Amino acid sequence: MEVNRKSIQKKIADKWTTKSQNPQTIKNKWWKSKHIIRAINMRVAGLPLDGQSAGLVQKAKEMAGTSVPFSLGVSVGCGAGDKEMSLISQGLVEKFILYELSEYRVELGRNYAKSQGLSDRVTFVVGDAFEMLKQDEYCDFIHWNNSLHHMLDTEQAIKWSYKLLKKGGMFYMDDYVGKNYLQFNFKTSEICTRIRNILPKKYLVDENQPGKLLPIEVRPQSQSKVSQRDPSEAADSENILPSLLKYFTDAQITNTGGAVYNTILADMLTNIDKHSEIFVLDLLMIIDELLAELGENQYATAIAIK
């Protein structure tokens, strides 16, 4: 079992190293769109703020009150640590200990911390946080930003987080909470297919294959393909919210949708930008918000005080 765990961790580390070395593969993702980010922040904090998770940061500061800044934060799957360093710069957390499996991404993070003058406020650790850090009531801030859904056992990750937090400490999450292995149901598939069917063809041009259009029919990739590409990708994501409420019963959860923007918009953002027709994004984000209210959610934020 231990050999298999190490093998999986190496595959995950290699995958994220490769992804970091090829940033063009993520250039059209929804989180690169300032317009989409503002709409999501509006849902979380009631203001169309710039910056990913900016609405959640504001909400966290309001909820924490005089506890800000938290003295010590811990983050798992931190990548290059830019999100965590942003929280330091925004005055939410004083220092961070950051865990990451990819040595390459850690090296990027250390260089970035040096460039920002934050080397003395972030400590990067290459390795498995759950094996390396087992001390109860160790820190007063736990950070999960699109890394919790990469944990192979999300309940154990949340239980570990709860034990690690001191009383009065904050659990902070902005993450994918949809179906395992990025699956989605028939309703989402049907609505997204209908949206693509009525959009002008200029929005469906496949930038990677000139002369071809994106498929009209929207279906999830097979679980086996998702798992083969990255064994950690949403392996246990369905269990995040139930587990969160099991350990943090008073958690403030905001569903932030994703049925539309995470399912069909990534491949279309370049085309929408090219034609400078932002009203298309406005309409699609309204549809996404309505679907979220009906329970079609792939993302959520959560804040809880232990």
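On a predicted model such as this, the values are computed, not experimentally measured, just so you know.
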Student: Check whether any side-chain heavy atom of Met268 lies under 4.5 Å from a side-chain heavy atom of Arg196, and answer yes or no.
Tutor: yes

Student: Using 0.5 Å steps for rounding, measure from the CG atom of Asp82 to the CG atom of Leu87.
Tutor: 10.0 Å

Student: Quick one about Lys59 and Thr254 (side-chain donor to acceptor, distance below 3.5 Å, no hydrogens or angles considered), yes or no?
Tutor: yes

Student: Is the Phe171 ring parallel, tilted or perpendicular to the Phe248 ring (thresholds 30°, 60°)?
Tutor: tilted

Student: Do His143 and Glu84 have side chains that get closer than 4.5 Å, going by heavy atoms?
Tutor: yes

Student: Regarding Ser53 and Asp174, is there a side-chain donor-to-acceptor distance under 3.5 Å anywhere?
Tutor: yes

Student: Please report the closest heavy-atom contact between Ser161 and Ile142, naming both atoms and the distance.
Tutor: OG-CG2, 3.6 Å

Student: So how far is it from Ser232 OG to His150 NE2, rounded to the nearest 0.5 Å?
Tutor: 5.0 Å

Student: Where is the tightest heavy-atom contact between Asn41 and Asp50, given as atom of each residue plus distance?
Tutor: ND2-C, 4.2 Å

Student: How far does CD of Glu155 sit from NZ of Lys159, to the nearest 0.5 angstrom?
Tutor: 7.5 Å

Student: Would you please classify the geometry between the Trp30 ring and the Tyr299 ring as parallel, tilted or perpendicular, with 30° and 60° separating the classes?
Tutor: perpendicular

Student: Have a look at Thr263 and tell me which of Gln298, Glu296, Arg219 forms a side chain to side chain donor-acceptor pair (under 3.5 Å) with it.
Tutor: Gln298

Student: Would you check if there is a donor-acceptor pair between the side chains of Gln209 and Asp206 at a distance under 3.5 Å?
Tutor: yes

Student: For a quick test of reading the model, state the closest non-hydrogen atom pair linking Glu100 to Ser102 and the distance between them.
Tutor: OE2-N, 3.1 Å

Student: Can you name the closest pair of heavy atoms from Ala234 and Tyr176 and give their distance?
Tutor: CB-CE2, 3.7 Å

Student: Is Lys225 salt-bridged to Asp230, going by a charged N under 4.0 Å from an acidic O?
Tutor: no

Student: Establish, yes or no, whether a centroid distance under 6.0 Å links the rings of Trp31 and Tyr261.
Tutor: no

Student: Could you tell me how the ring of Trp160 sits relative to the ring of Phe130: parallel (under 30°), tilted (30 to 60°) or perpendicular (over 60°)?
Tutor: perpendicular

Student: Please examine the side chains of Leu164 and Leu133, heavy atoms only from C-beta on, and report whether any two atoms are closer than 4.5 Å.
Tutor: yes

Student: Should the pair Tyr247 and Tyr162 be assigned to parallel (<30°), tilted (30 to 60°) or perpendicular (>60°) ring geometry?
Tutor: tilted

Student: Could you check Ser71 against Glu94 for side chain to side chain donor-acceptor pair (under 3.5 Å), going step by step and ending with a plain yes or no?
Tutor: CA-CA 5 Å; Ser71 60; Glu94 184 67 27; over 6 Å; no

